[in-house]
Participant: 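Got a structure here, written out as structure tokens. Questions coming.
Protein chains get the first letters and strands the later ones, always in sequence-line order, with residue 1 at the start of each.
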Protein chains: 2
Amino acid sequence: MALTQTAETRYTKPVLVAVNKPFDDEDGLQALRSHPLFSELNGKDLQHLIQQSRRIRLGHHQLLYRQDMPAHHFFFVISGRLRLYRLDSSGIDRTLDSIAPGDCFAEVMIYADPPRYACYAEALKSSEVLMIPVKAYQDMLESNPGYAQAALRHYAKRAVSRFHDLEIMTVQSARDRLIRYLIDLLPNGAEEGGEVELPLPKCLVASRLAMQPETFSRILADLKANGLVRVNRSRLFISDPRRLIEISQ
Amino acid sequence: MALTQTAETRYTKPVLVAVNKPFDDEDGLQALRSHPLFSELNGKDLQHLIQQSRRIRLGHHQLLYRQDMPAHHFFFVISGRLRLYRLDSSGIDRTLDSIAPGDCFAEVMIYADPPRYACYAEALKSSEVLMIPVKAYQDMLESNPGYAQAALRHYAKRAVSRFHDLEIMTVQSARDRLIRYLIDLLPNGAEEGGEVELPLPKCLVASRLAMQPETFSRILADLKANGLVRVNRSRLFISDPRRLIEISQ
DNA sequence: AAAACACTTTGAGTTAGATCAATTACTCCC
DNA sequence: GGGAGTAATTGATCTAACTCAAAGTGTTTT
């Protein structure tokens, strides 16, 4: 059964303030080119896609779209950082994902039917995103079936990564979920430890991991006291990941 | 960082007992044809794919594959039911998904690199699956780029559904997670209530929802006492979904 | 039909984590 | 640099959910 949205009539104004600024700076373009959904595109097709897209500036905490809104676009992050979250009827805000520059989001909307956003998206700080019409990408794919391979790889990867996120959430203890989350943030292969930057403010990491901010804080304090992590603002240094994993049983 | 599997050296024997029985019964074939990953295929391509596949019989509780095993095949369920789960170092068994006849699983392996199963798969009862070589499907897609559209739709849908599963797991209270789970089991549009069959034994639904079987039992007993569900073995009758949703705040 | 087994339920005691409340630390403005 | 606002921490309860234990139910086996 589809869960009908009962709350959330707060925002009545249109959400987006689109700035029709051309997307031509080298950095942003380069980042777009290296994304799997675009890397295979030839110059002309990419150019055409960009021409149909708009560049959006978002301020701190600005909402990009709301859950259940008809979805005609998907997005590529040029700069800044965003988060995806849901609100339930009692107004509780549950963080589902954070998005960094170079990432796409809501790109599943290309194949969604009906196309409605499954969550809210807001900027965590001043950000820029490229707003790509779903239709434009569909058309492009249709006339170039060869591009589908790259898209397939991307979607399969996305499904795996969501599966993995789900896996963490089946861990019962809050402490162990947090530890698993930290381990996953470590760059792949950093068995000998390393520094990690939380992609979200601590209170939102807590929400992402289905625990209270106070619980998050206490667990982290405890890990710190046991010499398992060193904390410096949102930067954590994990000296011995193996020991951390052992702790989490 | 990749979490290296520490436990789990129990099963040393090969898992599969493959039966090279031809896949030609009308029912199974019909179900396969209606799956998005195969529905677009013309008769010849489908036949070729099936020829390269093997039909596997699995007994109750029989293991199909183990997590971290190299993945050269993906699967289509002909009959029975399976579940996907993970084991962590302390041997705790966490259920991630259940698979019904007509479903595919491990199909993301077609694009995985390196191809390793992310979890265990076992039969919940006597089942039959079609074991399809990843390579065979890849080859088929490569020579028929037009088939990619259907696959893309499938993968996008899969990603959405995993996202949705994740969303449920960010709900903090066990009670509310269970309610959300039940609501999702209801056929889409059954606002007026309906009967639902649990796709897993109760103790495994509990594991799927990151709670103890005792907790599951008590919550269900409580819902029953409040007239919100009627319970008959693994069949639940939900008379008033709206009220159930209201309860869960 | 009885025994063995697996799953579920119920009870009692304990604890991890939520909640409420207060303090401290940052960050952003003016 | 001071004040407002937000995020993070810490302390003190309280409760939802876990744990352990036992009994009940249904299913398969012999």
Participant: Is a donor-acceptor pair below 3.5 Å formed from side chain A:R218 to base D:dG11, judging by atom type as modelled?
Facilitator: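 When only heavy-atom distances are counted, A:R218 does reach the base of D:dG11 through a donor-acceptor pair under 3.5 Å.
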Participant: Measure from CZ on B:R175 to C1' on D:dC18 and round the result to the nearest Å.
Facilitator: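 Going from B:R175 (CZ) to D:dC18 (C1'), I get 17 Å.
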Participant: Grab the CG-P distance between A:D222 and D:dT9 for me, whole Å please.
Facilitator: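 For the pair A:D222 CG and D:dT9 P, the rounded distance is 13 Å.
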Participant: Please report the closest heavy-atom contact between B:T95 and B:S207, naming both atoms and the distance.
Facilitator: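 So the minimum-distance heavy-atom pair works out to N-OG, 2.7 Å.
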Participant: Can you check the A:L220 CG to D:dT10 C1' distance for me, whole Å?
Facilitator: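 Atom CG in A:L220 sits about 14 Å away from atom C1' in D:dT10.
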Participant: Using atom NZ of B:K224 as one end and atom C1' of C:dT10 as the other, report the distance to the nearest whole Å.
Facilitator: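 Distance check: B:K224 NZ to C:dT10 C1' gives 12 Å.
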Participant: Under 4.0 Å between a side-chain N/O of A:T215 and OP1 or OP2 of C:dA18, yes or no?
Facilitator: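 A:T215 to C:dA18 OP1/OP2: side-chain N or O found under 4.0 Å.
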Participant: Between C:dC7, C:dT9, C:dT19, which nucleotide gets closest to the side-chain atoms of B:K202?
Facilitator: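 Looking only at side-chain atoms, B:K202 lies closest to C:dT9.
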Participant: Using the salt bridge (Lys or Arg N to Asp or Glu O under 4.0 Å) definition, which of the options A:R81, A:R55, A:R54 pairs with A:E128?
Facilitator: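 Only one option passes, and that is A:R55.
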Participant: Is the shortest distance from a Lys or Arg side-chain nitrogen in B:R175 or B:D222 to a carboxylate oxygen in the other one below 4.0 Å?
Facilitator: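 A salt bridge links B:R175 with B:D222.
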Participant: I want to confirm an ordering. Mapping B:H61 and B:A221 to their closest nucleotides on DNA chain C, which one lands closer to the 5' end?
Facilitator: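 Result of the comparison: B:H61.
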Participant: Looking at the side chain of B:Q172, which of D:dC18, C:dA18, C:dG17 is the nearest nucleotide?
Facilitator: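 Among D:dC18, C:dA18, C:dG17, the one nearest the side chain of B:Q172 is C:dA18.
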Participant: Rounded to whole angstroms, how far apart are CG on A:N232 and P on C:dA25?
Facilitator: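 Rounding to the nearest Å, CG of A:N232 and P of C:dA25 are 15 Å apart.
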Participant: DNA chain C: A:R233 or A:M211, which has the more 5' nearest nucleotide?
Facilitator: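 Between the two, 5'-proximity favours A:M211.
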Participant: Look at all strands and tell whether A:E214 reaches a base, only sugar-phosphate, or nothing, counting heavy atoms closer than 4.0 Å.
Facilitator: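 The residue A:E214 makes base contact.
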Participant: Mind calculating the distance between CG (A:L209) and C1' (C:dA18) to the nearest angstrom?
Facilitator: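 Rounding to the nearest Å, CG of A:L209 and C1' of C:dA18 are 16 Å apart.
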Participant: Quick one: which of D:dT10, C:dA18, C:dG17 gets closest to the side chain of A:Q212?
Facilitator: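 That would be C:dA18.
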Participant: Taking the six-membered ring for Trp and the full ring for Phe, Tyr or His, determine whether the centres of A:F76 and A:F105 are under 6.0 Å apart.
Facilitator: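 No - the distance between ring centres of A:F76 and A:F105 does not fall below the 6.0 Å cut-off.
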Participant: Which whole-number value in Å describes the distance from B:L223 CG to C:dT9 C1'?
Facilitator: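 It is 15 Å, rounded to the nearest whole Å.
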Participant: Mind calculating the distance between CD1 (A:I219) and C1' (D:dA8) to the nearest angstrom?
Facilitator: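 Interatomic distance, CD1 of A:I219 to C1' of D:dA8: 15 Å.
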Participant: Can you tell whether the side chains of A:R230 and A:E195 come within less than 4.0 Å, N to carboxylate O?
Facilitator: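 Looking at A:E195 together with A:R230, the answer is no, because their closest N to O distance does not fall below 4.0 Å.
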